[in-house]
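Below is one structure, written out as structure tokens; comments come after it.
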Protein chains: 2
Amino acid sequence: MSAGGGAAQGGESLLFLTDEQLRKGIEAMFFAYRGFTADPDRILENYAYGRAHHRAIHFIHRQPGLTVNTLLTVLGVTKQSLNRVLRTLVEDGLVESRVGRRDKRERHLHLTEKGAALERELSDAQRARMRAAYRAAGPAAVAGFRQVLEAMMDPELRRFYQMMKDGGA
Amino acid sequence: MSAGGGAAQGGESLLFLTDEQLRKGIEAMFFAYRGFTADPDRILENYAYGRAHHRAIHFIHRQPGLTVNTLLTVLGVTKQSLNRVLRTLVEDGLVESRVGRRDKRERHLHLTEKGAALERELSDAQRARMRAAYRAAGPAAVAGFRQVLEAMMDPELRRFYQMMKDGGA
DNA sequence: ATTTTATGTCAGCCTTGTTGACTTTCCAAG
DNA sequence: CTTGGAAAGTCAACAAGGCTGACATAAAAT
């Protein structure tokens with residue numbers, strides 16, 4: 001690691017805030033995100049689905065029964081965009097869309113067994129890479145990793161993230 | 001933070017490798033990446049450019065004179081895809097494409113003053129968010145952040161990242 | 001002289017984002 | 001009770017930016 005490159009720096013130094021350090025962080029995000037999505041992307045090719053389907057499946061699994069509108073906000077896309085993805089998932093029998101009991105305008109989303117199976121396949125792959133990275137870096141690094149990511153989020157998304165963080169709604 | 005949530009864990013514990021912890025890391029990556037790209041995306045709208053243009057500009061700035069082929073590999077897209085982006089940047093006078101001196105097949109890419117100005121605008125915005133996140137999390141967290149990201153990269157991309165890391169080629 | 005490499009280009013396709021216009025459903029105010 | 005607005009969803013059309021395949025050119029390497 002180059003001059004000023006990290007934990008050895010410690011306490012009060014502000015060297016970790018140089019433009020150079022920030023640029024390294026930016027590039028690290030870029031390259032790491034490629035790795036982060038690589039394994040699920042490979043799997044999705046076998047099913048003719050894309051990253052958008054993965055994201056929908058992930059959060060439906062995460063919070064069974066969530067409404068389309070909530071999912072919209074979490075994913076940050078338009079309802080039209082999400083609808084296209086959701087429709088194929090429903091047609092293919094991976095997602096069930098149940099009309100709300102109280103409010104019949106709402107659709108509550110659930111994974112079918114088939115959907116849950118794909119979710120498992122995708123998240124197993126993604127977790128495997130994450131686990132390897134966590135193990136290589138160690139628990140203290142992981143805590144820092146999460147802290148920085150959290151601080152990087154838009155406040156509204158951070159709220160969502162934290163709501164879901166501890167086993168959410 | 002929930003049970004097993006971080007640095008307090010310390011040393012030998014493996015609780016940071018539970019599926020739940022990994023899932024949180026996955027979601028943190030997802031939400032943080034949205035924040036990571038949000039500011040440049042907003043700026044790019046004013047110029048009718050997209051994220052693809054930003055990435056090209058970033059790495060041309062980062063490594064002036066790099067060849068099309070190198071940029072291709074770093075970005076992980078096809079030459080047709082990159083070419084479309086690069087052509088508009090050259091046409092608009094943001095990037096200069098110089099025929100190689102030694103090998104005249106190669107095109108060496110440079111930012112013009114106009115291109116450098118846009119690069120500055122974009123990276124100022126992106127660095128501002130990164131700086132705020134770094135400052136909020138502190139130097140130790142930043143070191144961990146970088147460690148985990150690095151471990152998450154595909155080996156080939158990690159090589160590129162490390163080559164460029166300390167002020168590159 | 002031939003083959004390989006680096007680049008560029010044309011055409012066409014797919015995914016996933018966008019906006020705009022419209023329907024259905026629900027709720028609440030008059 | 002009716003009417004008007006908000007919420008949810010659908011359809012259509014478009015754009016960005018990925019992709020593949022086919023092909024051209026120039027330079028380098030064999």
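Scope of the values below: all heavy atoms of this structure, side chains included, with no hydrogens, waters or symmetry mates. This one's a predicted model, so the numbers in the text were calculated from it and none came from an experiment. Convention: sequence-line order gives letters A, B, ...; per-chain numbering from 1.
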(message) Output the rounded distance in Å from CG (B:Leu75) to P (D:dC19).
(response) 10 Å
(request) Taking all heavy atoms of B:Met29 and all of A:Leu149, pick out the closest pair and write down the distance. (result) N-CD1, 3.7 Å
(message) For the CD atom of B:Glu27 and the OH atom of A:Tyr161, what is their distance to the nearest 0.5 Å?
(response) 7.5 Å
(message) Side-chain N or O of A:Arg87 versus OP1/OP2 of D:dG9: is the shortest distance under 4.0 Å?
(response) no
(message) Applying the salt bridge (charged side-chain N to carboxylate O under 4.0 Å, His left out) criterion to A:Asp41, which one of A:Arg34, A:Arg129, A:Arg51 satisfies it?
(response) A:Arg51
(message) Quick check: on DNA chain C, is the nucleotide nearest A:Gly100 upstream (toward 5') of the one nearest B:Leu86, or the reverse? Name the residue that is more 5'.
(response) B:Leu86
(message) Parallel, tilted or perpendicular: which one describes the rings of A:Tyr33 and A:Phe36, with boundaries at 30° and 60°?
(response) tilted
(request) Please state how far atom CG in A:Leu72 lies from atom P in D:dA8, giving the value in whole angstrom units. (result) 9 Å
(message) In whole Å, I'd like the distance from the CG atom of B:Leu66 to the P atom of C:dA6.
(response) 14 Å
(request) Using whole Å, report how far CZ of B:Arg98 lies from C1' of C:dA6. (result) 19 Å
(message) Looking at every heavy atom in both A:Leu111 and A:Ile57, which two are closest together, and how far apart are they?
(response) CD1-O, 4.1 Å
(request) Using atom CD of B:Glu106 as one end and atom P of D:dA26 as the other, report the distance to the nearest whole Å. (result) 17 Å
(request) Could you check how far CG of B:Leu44 sits from P of C:dT18, rounded to whole Å? (result) 16 Å
(request) Check the pair A:Thr70 / A:Thr67 against side chain to side chain donor-acceptor pair (under 3.5 Å), numbers first and verdict last. (result) CA-CA 5 Å; A:Thr70 306; A:Thr67 66; 2.9 Å; yes
(message) With a 4.0 Å limit, can you tell me whether A:Asn83 has a side-chain N or O closer than that to the phosphate oxygens OP1/OP2 of D:dG9?
(response) no
(message) Check A:Glu96 with A:Arg107, please: is the shortest side-chain N to carboxylate O separation under 4.0 Å?
(response) no
(request) Decide, yes or no, whether a salt bridge links B:Asp19 with A:Arg131 under the criterion of side-chain N to carboxylate O below 4.0 Å. (result) yes
Under 3.5 Å, N/O pairs linking protein and nucleotides 27-30 of chain D:
{"from": "D:dA28", "atom 1": "OP1", "to": "B:Arg102", "atom 2": "O", "distance (Å)": "2.7"}
{"from": "D:dA28", "atom 1": "OP1", "to": "B:Lys104", "atom 2": "N", "distance (Å)": "3.4"}

Check nucleotides 12-17 of chain C against the protein and report each pair of N or O atoms closer than 3.5 Å, with its distance, or say if there are none.
{"from": "C:dT16", "atom 1": "OP1", "to": "A:Arg51", "atom 2": "N", "distance (Å)": "2.8"}
{"from": "C:dT16", "atom 1": "OP1", "to": "A:Ala52", "atom 2": "N", "distance (Å)": "3.2"}
{"from": "C:dT16", "atom 1": "OP2", "to": "A:His53", "atom 2": "ND1", "distance (Å)": "3.2"}
{"from": "C:dG17", "atom 1": "OP1", "to": "A:Arg55", "atom 2": "NH2", "distance (Å)": "2.3"}
{"from": "C:dG17", "atom 1": "N7", "to": "A:Arg84", "atom 2": "NH2", "distance (Å)": "2.4"}
{"from": "C:dG17", "atom 1": "O6", "to": "A:Arg84", "atom 2": "NH1", "distance (Å)": "3.0"}
{"from": "C:dG17", "atom 1": "O6", "to": "A:Arg84", "atom 2": "NH2", "distance (Å)": "3.4"}

(message) Given the structure, check if the side chain of B:Gln80 and the base of C:dG8 hold any donor-acceptor pair shorter than 3.5 Å.
(response) no
(request) Please work out if B:Thr67 contacts a base, only the sugar-phosphate, or nothing of the nucleic acid, heavy-atom cut-off 4.0 Å. (result) sugar-phosphate
(request) Using atom NE2 of B:His108 as one end and atom P of C:dA6 as the other, report the distance to the nearest whole Å. (result) 12 Å
(request) Run the ring-centre check on B:Phe59 versus A:Phe30 and record whether the distance is less than 6.0 Å. (result) yes
(request) Starting at atom CZ of B:Arg107, determine the distance to atom P of C:dA6, rounded to an integer number of angstrom. (result) 13 Å
